Asks: 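Take this structure first; my questions come after.
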Amino acid sequence: MNYFPDEVIEHVFDFVTSHKDRNSISLVCKSWFKIERYSRQNVFIGNCYAINPERLLRRFPCFKSLTLKGKPHFADFNLVPHGWGGFVQPWIEALARSRVGLEELRLKRMVVTDESLELLSRSFVNFKSLVLVSCEGFSTDGLASIASNCRHLQDLDLQENEIDDHRGQWLSCFPETYTSLVTLNFACLEGETNLVALERLVARSPNLRSLKLNRAVPLDALARLMACAPQIVDLGVGSYEDEQDSESCLKLQAAIRKCTSLRSLSGFLEAAPHCLSAFHPVCHNLTSLNLSYAAEIHGSHLIKLIEHCKKLQRLWILDSIGDKGLEVVASTCKELQELRVFPTDLQGGGNTAVTEDGLVAISAGCPKLHSILYFCQQMTNAALITVAKNCPNFIRFRLCILEPHKPDHVTSQPLDEGFGAIVQACKNLKRLSVSGLLTDQVFLYIGMYATELEMLSIAFAGDTDKGMLYVLNGCKKMRKLEIRDSPFGDAALLADVNKYETMRSLWMSSCEVTLGGCKRLARKAPWLNVEIINENDNNRMEENGYEGRQKVDKLYLYRTVVGTRVDAPPFVWIH
Amino acid sequence: MSPEEELQSNGSVASSTRNIVGVLKEHNYLGLSDCSSVGSSNLSGLADDDKATISLKATELTLGLPGSQSPARDTELNLLGPAKLDEKPFFPLLPSKDEMCSSSSHKNIASGNKRGFSDTMDKVPLYTEKNWMFPEAVVATQSVIKKEVAQNLPKGKLSTTNNSSSPPAAKAQIVGWPPVRSYRKNTLATTCKNSDEVDGKPGSGPLFVKVSMDGAPYLRKVDLRSYTNYGELSAALEKMFTTFTLGQCGTSGATGKDVRNETKLKDLLNGKDYVLTYEDKDGDWMLVGDFSWEIFIGVCKKLKIMKGCDAIGLGMFCFLLVMPLKSLV
């Protein structure tokens with residue numbers, strides 16, 4: 001390869017898109033490092049505090065797309081206090097000052113402000129794609145800037161963000177000459193929508209492929225929108241009014257029939273159950289169905305819809321579908337690859353909608369299943385062992401038994417054997433979440449068998465430090481480990497400090513680690529940021545000298561090449 | 001039909017109440033567009049006290065056993081009459097709750113008057129209460145039955161909730177459990193509140209509605225599910241908006257710090273005629289207090305503390321404007 005000119009090598013590298021592979025390429029030799037540097041288009045930064053914008057720009061001066069992730073995963077469940085960090089502003093400022101021709105920005109769990117969005121919209125002439133997932137801190141004013149200033153915008157994808165809806169006219173900020181919209185997802189906006197502006201926007205967007213509406217878009221507007229955009233591939237329905245005249249319904253049915261390219265359906269935030277039948281004609285082509293927000297649609301209607309969806313690959317649903325419904329899924333959706341079953345009753349009130357039987361049925365009926373997220377009230381080892389036998393291809397297996405410490409409900413044993421069977425059978429398992437009553441034994445199994453495991457979530461599990469040690473010693477590919485309410489302490493934390501250099505991050509909350517232990521770790525590993533998040537007014541922690549006994553409420557540590565971050569709030573101590 | 005059974009059948013109590021009292025409209029309790037406050041203005045020749053009694057007590061559906069009531073309910077009774085037990089049940093079929101106030105009242109109910117799971121079991125079998133709620137952070141008056149656990153309990157303590165916008169929930173809950181995104185919880189909660197309660201699956205999770213007040217520069221949000229009755233809501237709102245009303249207290253002549261805030265607000269309300277109203281599913285502005293608490297949280301989309309003169313349009317007399325709110329406080 002040394003005899004090829006750089007341009008040829010670069011051309012070959014263009015075919016390598018996975019950032020992991022590109023990272024590997026860059027390690028081969030100096031020449032390849034240099035060529036790869038200048039040709040990398042897409043940069044992925046899994047932890048925005050592992051590096052800073054200046055170093056990013058020095059290494060990759062020519063990138064076009066940036067993906068940034070901010071807060072740790074448990075921030076999704078309110079475990080990270082407001083103001084912890086993850087601000088995108090410094091990144092946008094630095095990129096704006098440089099000559100980077102940014103075209104795409106994808107952010108997850110970051111704090112975005114209207115100011116950031118305004119700056120973004122003005123700084124990059126060719127900006128095409130904005131994807132915000134689980135972000136917060138901005139309002140529809142920021143969206144108005146994006147709409148007004150980004151002439152070449154193709155994607156505006158807002159997924160599950162907390163957006164302050166000023167009910168302004170952001171949709172009408174798209175200029176009349178703007179016709180390049182491909183993706184528009186504003187399902188998470190709470191307020192009213194300017195329907196006229198929306199319809200006109202859709203009507204002048206011939207390339208529109210994905211449209212996800214919010215709650216405020218009613219049935220008749222939906223019919224008109226679909227009539228304007230029959231080429232649509234991905235549709236998120238907002239709401240259906242309860243009282244609907246048959247004329248609106250007929251119009252909708254007619255519009256739906258014309259959408260022959262429709263492959264993905266979601267939304268139904270407020271839907272009268274009988275509306276679903278309007279979509280039956282397009283079900284046979286659907287590959288993705290997300291009904292996990294459709295709390296008002298009861299099991300029987302869901303089942304009627306799913307019976308038509310023979311090509312389904314991805315299904316997100318609520319547990320109101322029941323075991324019987326899952327059996328229908330198992331017998332109908334033979335192409336199913338990913339299933340997520342979310343709980344309707346979040347307070348564990350005893351409504352056992354899905355049980356281990358549903359999980360077993362799915363595993364038996366869907367041979368291509370590789371990803372599952374399953375919330376349920378009860379589980380047995382026998383069921384998990386059966387599932388492992390039926391589906392050895394799991395890449396992601398996340399089981400959440402709603403009641404912590406719940407044992408096998410038939411034998412009253414811990415669920416160690418069941419999860420053990422899963423990790424033993426599923427050789428490609430990359431992500432695992434465990435729950436229920438679990439002892440150190442399950443971690444022994446995980447350390448022994450889960451050789452490819454990259455992300456592990458533990459809650460209310462284990463007996464002693466040995467549990468955590470099994471995992472740290474055994475799982476060579478571990479990248480993200482998050483633990484809550486488990487009895488692991490300093491001994492496990494400090495056993496192998498160098499391990500953390502091979503991982504992106506470790507989260508431990510309500511465990512047994514002490515302040516003294518954290519400080520010792522920080523001293524041994526200066527390339528780690530050891531953050532202690534302490535919301536209580538416990539500033540006396542430092543003073544009274546009892547560090548060895550003072551338990552740390554939340555610990556978040558991560559490798560970094562840029563040292564302590566400067567934007568930490570007062571309740572975060574970084575060692 | 002025994003009183004208990006009457007109480008436990010949705011709707012029939014309310015309709016028979018209305019019939020006996022002489023209200024002309026037979027209401028389908030879930031047909032909200034009929035149940036406007038205009039309806040109650042048809043009551044004539046009845047003492048206003050009784051009207052208030054009717055609008056609150058008689059139409060209040062309770063799913064709990066007689067005598068199982070939350071403490072705030074006692075407060076309500078207090079304000080209506082001098083002696084707690086002196087309340088004359090206007091509606092004779094309603095059992096006198098005071099007599100039934102047995103020791104079961106200390107076993108508090110999770111929300112409203114629904115019986116907690118523990119109340120349905122007289123004995124204490126193995127799985128009395130699904131105790132995945134740790135007793136260490138018990139809030140309000142909920143008494144959580146500790147499950148006998150042979151297995152290890154985690155030694156780590158519960159982290160305090162960092163959700164500062166809502167008051168403590170009536171149930172002790174583990175922060176961040178189950179691991180469901182708060183976005184999903186909020187979205188489902190907003191959807192669930194519209195679902196049919198007869199199904200026995202009321203919405204769970206927080207139910208945030210905006211609260212505005214005439215003259216206040218900004219709005220607030222409250223979680224309706226964190227209250228169990230109008231009294232709690234009223235107290236919370238009064239706390240939230242005190243800063244705005246206090247500024248005007250001087251003009252209405254309320255005295256200094258030893259005057260309880262409640263009285264201040266009541267005086268203010270009397271003087272300025274503020275009323276609590278809500279916007280229902282149909283977009284109509286209704287007077288708070290006509291329905292039972294459970295129904296109310298099912299239909300309320302927004303709250304507004306209106307000036308009395310604005311609320312006249314709702315069809316009530318001035319005097320009646322403040323009555324419901326007064327009796328709530």
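All values below were derived from every heavy atom in this structure, side-chain atoms included, with hydrogens, water molecules and symmetry-related copies excluded. Because the structure is a prediction, the values reported are computed rather than measured. Convention: sequence-line order gives letters A, B, ...; per-chain numbering from 1.
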Asks: Please classify the contact between A:Ile401 and chain B as side chain, backbone, both or neither, with a heavy-atom cut-off of under 4.5 Å.
Replies: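 Backbone only.
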Asks: Please determine which of A:His409, A:Lys406, A:Glu403 meets the side-chain hydrogen bond (donor to acceptor under 3.5 Å, both in side chains) test together with A:Gln378.
Replies: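 Filter result, single survivor: A:His409.
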Asks: Check each atom of A:Phe375 against the heavy atoms of chain B and say whether the ones under 4.5 Å are side chain, backbone, both or neither.
Replies: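 The answer is the side chain of A:Phe375.
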Asks: Does A:Thr464 have any side chain to side chain contact (heavy atoms under 4.5 Å, CB included) partners at least two apart in sequence or in another chain, and if so, which?
Replies: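 Side chain to side chain contact (heavy atoms under 4.5 Å, CB included) check on A:Thr464 returns A:Asp440, A:Lys466.
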Asks: Of the non-hydrogen atoms in A:Asp165 and A:Gly191, which two are nearest, and what is the gap between them?
Replies: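 That closest heavy-atom pairing would be OD2-N, 2.6 Å.
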Asks: Where do A:Glu136 and A:Lys71 land on the salt bridge (charged side-chain N to carboxylate O under 4.0 Å, His left out) test, with the steps shown first?
Replies: CA-CA 11 Å; A:Glu136 46 148 356; A:Lys71 301 183 206 170; 2.5 Å; yes
Asks: Which residue out of A:Ala75, A:Cys188, A:Ala461 racks up the most heavy-atom pairs below 4.5 Å with chain B?
Replies: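 Most heavy-atom pairs under 4.5 Å with chain B: A:Cys188.
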Asks: With a 4.5 angstrom heavy-atom cut-off, could you sort out which part of A:Ser292 is near chain B: side chain, backbone, both or neither?
Replies: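 Backbone plus side chain of A:Ser292, per the 4.5 Å heavy-atom cut-off to chain B.
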